[in-house]
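Beneath this line is the structure, given in structure tokens, with notes to follow.
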Amino acid sequence: MKIMKYRAETEREAMLQAKEELGSEALILSIKSVKPKGIWSFFRKAYVEVTAALDDDRKEIVSPEQAKAERELAEFKSFISKLSDKQRQAEEKSSIAVPEPVRQVGIEPTVSAPSAVLTAVPQIEKKPDSEDKSSQSSIIRQVIYEQLLDNEVEENLANQLLAALLTSDQTFSLEEGLNTIYRQIVKELSEIHPVTLSSGKAKPIFFVGSTGVGKTTTIAKLASLFTLEKKCKVALITADTYRIAAVEQLRTYANILDIPIRVIYKEEEIVGCIEEFADRDLIFIDTAGRSYQDTKHLGELKELLNQVDDKQVYLVLSLSTKNSDLQKTVNAYDFTDFSLIFTKLDETLAYGSILNLRHKTGKPLAYITTGQNVPEDIAELDPYEIANKILGGVNS
Ligand SMILES: Nc1nc2c(ncn2[C@@H]2O[C@H](COP(=O)(O)OP(=O)(O)OP(=O)(O)O)[C@@H](O)[C@H]2O)c(=O)[nH]1
Ligand SMILES: [Mg+2]
């Protein structure tokens with residue numbers, strides 16, 4: 001580990017020095033403002049001292065990652081330029097689309113089970129009328145139960161869902177059984193809190209969560225959608241100064257989108273920074289990844305969030321994380337109110353955790369992300385689609 005100190009008149013200059021010498025994977029250990037005392041105060045100026053460290057072993061693994069990041073950015077840039085061309089042509093549609101407030105999904109009582117679901121449960125054929133219908137129903141229950149467990153729906157929740165099939169007249173077809181459970185799941189997932197605008201006010205929106213779950217990428221996706229498609233005025237703030245690369249990652253997206261970005265180094269700076277962006281519609285705030293076990297840093301995050309009263313917080317969770325760890329993460333963040341964003345749906349075929357967490361915590365849901373492409377791979381969570389996937393319709 002190589003540890004170096006850099007002094008300059010401003011934080012930015014000191015950070016730049018560190019970056020130039022150690023590269024963008026350097027870790028920032030401390031940032032101090034130093035005011036010379038006593039007689040020295042007449043001769044020397046105040047300065048900022050940045051202490052940075054570089055793990056020597058990391059140098060080798062930086063290059064492939066950087067190459068990947070550059071590829072992603074190149075794709076993003078080309079996407080943006082195509083989108084900008086299209087938008088120039090459609091300039092007359094200039095009104096800002098204000099998203100609806102909290103949306104409750106209407107449950108259609110007559111909704112039929114998607115065909116993908118039916119074909120995904122091949123074990124059960126419709127039996128001739130003459131056969132024992134009640135034993136057929138119990139086989140159907142068992143098949144649906146196994147389907148739910150395969151998708152990592154927790155056992156007790158699967159049992160609760162299936163209880164709906166016991167209260168009916170005990171005989172039902174596969175389609176009826178699936179339909180009942182499908183509607184139950186849709187109902188369970190039905191509170192969606194996407195990003196909305198506060199009228200006449202800049203709205204600060206924090207993105208928090210464990211390391212590497214996709215917070216910064218999700219911000220880039222949303223910033224891009226709200227800037228380019230919804231024509232909102234977006235600003236970015238990052239409180240993730242743990243790695244220089246983290247600041248640069250977001251700054252690059254801000255430059256491409258031509259939106260302002262500020263970096264904060266101390267919790268107290270957040271309020272002034274938000275005030276500075278009072279003329280914007282939305283302020284997306286990136287934070288450093290915090291594992292549920294890292295109580296010290298979670299405490300710092302809590303302090304940061306406590307500085308801001310009127311805010312929205314999204315807890316970003318990767319669906320490729322084990323269900324039990326997701327549960328612990330949600331519990332560890334209970335010092336604040338939040339809605340849930342699920343990332344990396346493209347890396348798993350088990351969607352049960354979404355249902356488990358929604359059921360246990362009652363937290364509203366917001367977005368899903370399905371890949372690394374900015375900004376395409378994001379969508380508002382659709383309860384019908386997730387219910388379908390949980391019941392096996394993965395290709396729908
Ligand atoms: N497959 C897949 N990869 C994703 C998705 N979202 C983000 N990633 C990738 O996950 C990696 C980490 O993403 P970041 O956005 O840097 O994650 P982060 O939460 O900001 O990470 P830290 O700031 O280090 O805590 C990057 O390689 C992203 O491209 C997704 O939906 N699917
Ligand atoms: Mg990040």
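Atoms within each ligand, like the ligands themselves, are counted from 1 in listed order.
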State plainly whether the residues [X] and [Y] are in salt-bridge range, i.e. N to O under 4.0 Å.
X	Y	value
Glu376	Lys221	no
Arg290	Glu300	yes
Arg262	Glu269	no

- Give a yes/no verdict on whether any heavy atom in Gly371 is under 4.0 Å from an atom of ligand 1. yes

Using distance alone, decide if ligand 1 has a nitrogen or oxygen within less than 3.5 Å of any nitrogen or oxygen in [X].
X	result
Ala288	no
Gly214	yes
Thr218	no
Lys215	yes
Thr343	no

- Item | Gap between atom OG of Ser353 and atom CG of Asn323 - 0.5 Å precision | 4.0 Å

For [X], counting its heavy atoms only, list the atoms of ligand 1 lying under 4.0 Å from any of them.
X	result
Glu347	1 (N), 2 (C)
Gly289	25 (O)
Gly212	12 (C), 17 (O), 18 (P), 19 (O), 21 (O), 22 (P), 24 (O), 25 (O)
Thr369	30 (C), 31 (O)

- Message: As a test of understanding, state which of Lys360, His359, Gln160 forms a side-chain hydrogen bond (donor to acceptor under 3.5 Å, both in side chains) with Glu154.
- Response: Lys360

- Query: Side chain, backbone, both or neither: which part of Asp346 comes within less than 4.0 Å of ligand 1 when only heavy atoms are counted?
  - Reply: side chain

- Does Thr370 approach ligand 1 within less than 4.0 angstrom via side chain, backbone, both or neither, non-hydrogen atoms only? backbone

- So, Gln312 and Tyr314: side-chain donor and acceptor under 3.5 Å apart, yes or no? yes

- Pair Tyr292, Asn331: side-chain N/O donor-acceptor within cut-off below 3.5 Å: no

- Which option out of Asp240, Thr217, Thr211 puts a heavy atom nearest to atom 15 (O) of ligand 1? Thr217

- Message: Using a distance threshold of 2.8 Å, state whether an N, O or S atom of Thr216 lies below it from the Mg ion (ligand 2).
- Response: yes

- May I ask you to check whether Phe284 and Phe207 place their ring centres under 6.0 Å from each other? yes

- Message: Take a 6.0 Å sphere around CG of Asp258 and say whether it holds more than 12 heavy atoms from other residues, nucleotides or ligands.
- Response: no

